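Only one structure is covered here, and it is reproduced in the block below.
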Amino acid sequence: MTEVRKTSSPRKRVTGGGRRGSNAWAHVVLSAGGFIMVFPFLWQILMSLSSTAEVTSVPPTFWPSELRFDNYAEVFRQIPFLDQFWVSVRVTVATVVGQVVLCSMAGYAFARMRFVASAAIFAVMLSILMIPNQAYLIPQYQIVQSLGWLDTVPGIVVPTIFSAFGTFLMRQFFVNLPGELEEAARLDGANPFQIFWRVMLPLARPSISALAIITVLAAWNNLLWPLVVTSRAEHRPLSVGIASLNGQYVIDYPVMMAASLMAMAPILILFIVMQRRVIEGLAHSGLKG
């Protein structure tokens with residue numbers, strides 16, 4: 001028994017040391033990868049506090065000689081930041097609400113209801129994902145112009161209020177739900193809309209959260225369509241306003257980085273708060289058991 005203890009104890013020590021060593025290397029590799037991913041964001045912060053000469057110097061200056069917080073004040077002097085911020089908020093909220101309502105209803109219909117040519121209609125809808133947005137830019141502009149919606153929030157929102165990807169995402173979720181839920185609701189006397197609203201939709205919260213955050217990112221960063229459909233600076237969202245800081249001959253990088261950081265802050269906070277729901281909605285079916 002004594003010999004067994006002497007031979008077994010060194011094995012335990014070697015094993016424990018190997019695990020601690022592998023964990024240490026894993027932390028080193030993950031820390032290095034995390035720093036590489038965060039470094040562009042940190043450099044953007046430093047650029048927003050630097051001068052134009054320091055930003056454009058060769059070799060680059062990573063730490064400014066003086067922190068210039070007046071670059072943030074300069075943003076408000078060059079563009080109507082607050083007006084454009086509220087335009088972006090209204091456009092984003094309206095787009096998210098519209099896509100969540102329409103995509104969830106369409107996804108439920110394609111997943112749970114049987115109607116004439118449902119498979120063909122769904123295939124045609126999915127084919128929209130293969131067509132670039134620039135292909136139907138001119139027809140959309142003509143429709144919005146005929147409705148008198150140029151330089152308005154409805155003119156920006158209505159053409160983007162439906163999403164083929166959002167419908168596909170919601171359909172895939174509703175397909176995976178057990179059919180016994182609908183049968184039990186029908187036995188209780190619920191009609192199709194009541195089944196959707198009271199039974200299915202509450203279970204779809206993870207997918208709705210994922211669709212909402214994806215739509216927020218797309219609507220907040222949308223540049224091409226708002227640039228085409230608006231002409232006045234105060235009626236444009238922040239994405240177009242920041243792009244206008246890019247001059248034809250001179251680019252004020254510190255001011256542009258400051259404006260980008262201020263525009264990025266609400267979305268970054270929202271993603272940090274809802275990242276768990278986004279991962280659940282994209283990776284799981286929504287049912288825990």
Side-chain angles (χ1 to χ4, degrees), residues 88 90-147 149 152-177 192-193 195-197 200-230 237 239-240 267 270-271 274-275 277-286:
S88 294
R90 286 183 291 169
V91 168
T92 302
V93 171
T95 305
V96 170
V97 172
Q99 287 204 15
V100 167
V101 173
L102 295 179
C103 293
S104 60
M105 295 178 68
Y108 178 76
F110 282 120
R112 292 301 192 180
M113 296 182 178
R114 296 293 176 265
F115 51 91
V116 179
S118 61
I121 296 174
F122 184 70
V124 172
M125 186 202 66
L126 287 182
S127 66
I128 299 175
L129 297 174
M130 298 183 290
I131 302 175
N133 297 332
Q134 294 81 358
Y136 43 84
L137 189 66
I138 295 177
Q140 282 185 348
Y141 180 83
Q142 292 175 341
I143 294 173
V144 171
Q145 185 182 27
S146 63
L147 293 173
W149 285 353
T152 62
V153 172
I156 302 174
V157 172
V158 172
T160 61
I161 204 171
F162 176 77
S163 171
F165 171 77
T167 303
F168 174 76
L169 178 67
M170 297 304 298
R171 176 190 177 277
Q172 294 304 111
F173 176 83
F174 287 124
V175 164
N176 294 325
L177 290 179
F193 182 77
I195 295 174
F196 165 73
W197 183 257
M200 296 298 183
L201 198 60
L203 296 175
R205 289 178 182 176
S207 293
I208 291 176
S209 300
L211 176 61
I213 193 64
I214 292 172
T215 307
V216 166
L217 294 175
W220 191 268
N221 297 322
N222 190 15
L223 173 61
L224 180 60
W225 176 246
L227 178 63
V228 172
V229 80
T230 58
S239 57
V240 182
I267 303 302
L270 180 65
F271 180 77
M274 298 187 63
Q275 62 177 337
R277 289 183 175 271
V278 175
I279 296 172
E280 288 181 358
L282 294 176
H284 303 290
S285 63

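What you see below is based on every heavy atom in this structure, not just the backbone, and it leaves out hydrogens, waters and symmetry mates. In this text, all values refer to a predicted model and were calculated from it rather than measured experimentally.
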task = Give the ring-plane orientation class for Phe193 versus Trp197, where under 30° counts as parallel, over 60° as perpendicular and anything between as tilted.
result = parallel
inquiry  = Main chain of Pro237, side chain of Ser88: is a donor-acceptor contact present, judged purely on distance under 3.5 Å?
reply    = no
Worked check of side-chain contact (heavy atoms from CB on, under 4.5 Å) between Val240 and Leu223 = CA-CA 6 Å; Val240 182; Leu223 173 61; 4.0 Å; yes
query = Looking at side-chain heavy atoms only, is the closest gap between Ile208 and Met170 below 4.5 Å?
reply = yes
task = Might you work through the side-chain contact (heavy atoms from CB on, under 4.5 Å) test for Thr167 and Phe162, ending with a clear yes or no?
result = CA-CA 8 Å; Thr167 303; Phe162 176 77; 3.3 Å; yes
Separation of Leu227 CG from Ile156 CD1 (nearest 0.5 Å) = 10.5 Å
message = For a quick test of reading the model, state the closest non-hydrogen atom pair linking Ser239 to Asn222 and the distance between them.
response = OG-O, 2.5 Å
message = Tell me which pairs pass salt bridge (Lys or Arg N to Asp or Glu O under 4.0 Å) where either residue lies in residues 165-175, with sequence neighbours left out.
response = none
key: Val100 vs Thr215 side-chain heavy atoms within contact, under 4.5 Å   = no
message = To check you understand the geometry: which heavy-atom pair defines the closest contact between Leu211 and Gly166, and what is its length?
response = CD1-CA, 3.5 Å
inquiry  = Check whether Trp225 reaches the backbone of Gly155 with its side chain - one donor and one acceptor, N or O, closer than 3.5 Å.
reply    = yes
task = Report yes if some heavy atom in the side chain of Ser104 is under 4.5 Å from a heavy atom in the side chain of Leu201; otherwise report no.
result = yes
inquiry  = With a 4.5 Å cut-off on side-chain heavy atoms, are Pro192 and Ile195 touching?
reply    = no
request  = Taking all heavy atoms of Thr160 and all of Gln99, pick out the closest pair and write down the distance.
outcome  = O-NE2, 2.9 Å
remark   = One should read off an interatomic distance between Leu270 CG and Trp220 CH2, to the nearest 0.5 angstrom, of 10.0 Å
For residues 106-117, run the donor-acceptor check on the side chains, cut-off 3.5 Å, and write out each pair with its distance to 0.1 Å, sequence neighbours left out.
{"from": "Tyr108", "atom 1": "OH", "to": "Glu182", "atom 2": "OE2", "distance (Å)": "2.8"}
{"from": "Arg112", "atom 1": "NE", "to": "Phe174", "atom 2": "O", "distance (Å)": "3.2"}
{"from": "Arg112", "atom 1": "NH2", "to": "Phe174", "atom 2": "O", "distance (Å)": "3.1"}
{"from": "Arg112", "atom 1": "NH2", "to": "Leu177", "atom 2": "O", "distance (Å)": "2.2"}

request  = With side-chain contact (heavy atoms from CB on, under 4.5 Å) as the test, would you mind laying out the steps for Ile161 and Leu102 before giving the verdict?
outcome  = CA-CA 8 Å; Ile161 204 171; Leu102 295 179; 4.0 Å; yes
Using a 3.5 Å cut-off and no angle test, enumerate the donor-acceptor pairs between side-chain atoms of residues 119-135 and protein atoms at least two apart in sequence or in another chain.
{"from": "Ser127", "atom 1": "OG", "to": "Val124", "atom 2": "O", "distance (Å)": "2.3"}
{"from": "Asn133", "atom 1": "OD1", "to": "Tyr136", "atom 2": "OH", "distance (Å)": "2.8"}

